[in-house]
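Quick note: numbers below take in every heavy atom, side chains included, and nothing from hydrogens, waters or symmetry partners. Counting starts at 1 for both ligands and their atoms, following the listed order. Just so you know, these numbers come straight off a predicted model, no measurement behind them.
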Amino acid sequence: METSAPVRPSTDIRIDRVPVSRRRAVDLSNVAFGSVYSDHMLTLEFKEGKWGKPCVRPYGPLSLPPNISALQYGISVFEGLKAHRSPTGDALLFRPGDNARRLNRSAARLAMPAIPTSVFLDGLRALIDLDRGWIPAAGQGALYIRPSYFSTDESIRVRPAERYQFVIFTCPFGVYYSAPIEVLVTEKYVRAFPGGTGDVKPAGNYAAGLLADLEARDSGCASVMWLDAQNRRYVEECGVTNVFFVIDGKVVTPTLTGTILPGITRDSVCTLLREMGLDVVERLVSIDEIVDAGRAGRLAECFATGTAATVSYIKRIRYRDEDLLLPDVEDRVIGPAVRERLVGIMTGLTPDSHGWVEVV
Ligand SMILES: *Cc1c(COP(=O)(O)O)cnc(C)c1O
């Protein structure tokens, strides 16, 4: 392993442990995503213009008044990342500094103060250190980590908030096998628009996508493929993941126009594909081009990338009244190969030459 030595936190953190861990009662390899939460959470408050002291405490409800502006106006942003257990038992984080920086980009867009990156990372390390027993064994799942940052102003005026809460909680899940999915290209709804919030992770983006998702499900698809707002022509994302196509042996993915979330998985996949000697082109990708390639049998692969499932495969794309069927996953080369490489690095099976993996 070429991962660096564990980093010692420099932030002063209060630790309030659970009297009795719930860990033994849980079979980690069998836990469904989001069904069980680890013993502890990190909390940190911002008030009177400054951050307080981070605290690792038992996971549980927060007591909040109903008039807080996070609830009224959606002043809330979040992140998602994972910890894996290496074959030697280490706890491994994947590119956590990128999540810390992206959280602050999201915060800035909602006029929220930045969280010092060192406080985010030291708090995260302290939490993972204490709850390391909740990371499933190597190859048997991962620990999903959810940093969440929202306003707690007791004010129903629409204005930037003055009080905030930052929380990190975690949940273990067993092997995440996601079967190849069918997606519906929607022309009725859009996820993002120029000048909006599509390139960051405010809570409200996800609420706004739910109806399209529901309608996709009603028509037998698992998710939505989003087009750009202005032309309803250029592919942007699939559900809450980035998307890649393989056409004529070349990999193409929508270029980051400002309405696409710059996924850390997307960036990692682009880097690895290029190292594998493949051409990865980031450009506008029109749905007409995808339809033409699909009809002509030149669309060899389509896959989606995001933290939860890493790489998931798309087997059918429905646009207007046409179904584009893609080859079976067994007959695909590029998606499965890059998935294996990436998962290998995340789980400590493969050396990390990029400085992506951090040992806690
Ligand atoms: C979080 C997210 C992604 C994936 O980002 P990762 O950093 O790879 O997890 C993609 N699209 C949207 C809309 C997202 O919210």
Would you mind checking which non-hydrogen protein atom is closest to [atom], with the distance to 0.1 Å?
atom: atom 3 (C) of ligand 1; value: V240 O, 3.4 Å
atom: atom 4 (C) of ligand 1; value: G306 CA, 3.9 Å
atom: atom 8 (O) of ligand 1; value: T265 OG1, 2.6 Å
atom: atom 9 (O) of ligand 1; value: T307 OG1, 2.6 Å
atom: atom 1 (C) of ligand 1; value: K201 NZ, 1.4 Å

Compute the shortest N/O to N/O distance between [X] and ligand 1 and return yes if it is under 3.5 Å, no if not.
X: R102; answer: yes
X: G263; answer: no
X: L261; answer: no
X: E237; answer: yes

Under 3.5 Å, is there a donor-acceptor pair between the [X] and [Y] side chains?
X: T170; Y: R146; answer: no
X: K82; Y: T310; answer: yes
X: E215; Y: T186; answer: no

Practice task
Report the distance from atom NZ of K188 to atom CG of L211, rounding to the nearest 0.5 Å.
Solution key: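 The distance works out to 6.5 Å.
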
Problem - Separation of F94 CZ from I345 CD1 (nearest 0.5 Å) - result: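 Those atoms lie 6.5 Å apart.
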
Practice task
Specify whether Y59 and Y37 have parallel, tilted or perpendicular ring planes, treating 30° as the upper limit for parallel and 60° as the lower limit for perpendicular.
Solution key: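 Ring orientation of Y59 relative to Y37: parallel.
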
Problem - Parallel, tilted or perpendicular: ring planes of F303 versus F244, cut at 30 and 60 degrees - result: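 Correct class here is parallel.
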
Practice task
For residues S286 and V235, report the shortest heavy-atom separation together with the two atoms involved.
Solution key: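 Looks like C-CG2, 4.5 Å.
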
Practice task
Report, in ascending order of atom number, the atoms of ligand 1 lying under 4.0 Å from any heavy atom of N242.
Solution key: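 So the answer, numbered in order with elements, is 10 (C).
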
Problem - Salt-bridge present (E48, R163; N to O < 4.0 Å) - result: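 Not counted as a salt bridge, because no side-chain N and carboxylate O are separated by less than 4.0 Å.
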
Exercise for the section: Using non-hydrogen atoms of the residue, decide whether R191 is closer than 4.0 angstrom to ligand 1. Expected result: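 So R191 counts as touching ligand 1.
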
Practice task
Specify side chain, backbone, both or neither for T241, according to which of its non-hydrogen atoms lie closer than 4.0 Å to ligand 1.
Solution key: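 Answer for T241: backbone.
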
Exercise for the section: Going by heavy-atom distance to atom 15 (O) of ligand 1, choose the closest among F78, Y206, F94. Expected result: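 It is Y206 that holds the nearest heavy atom.
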
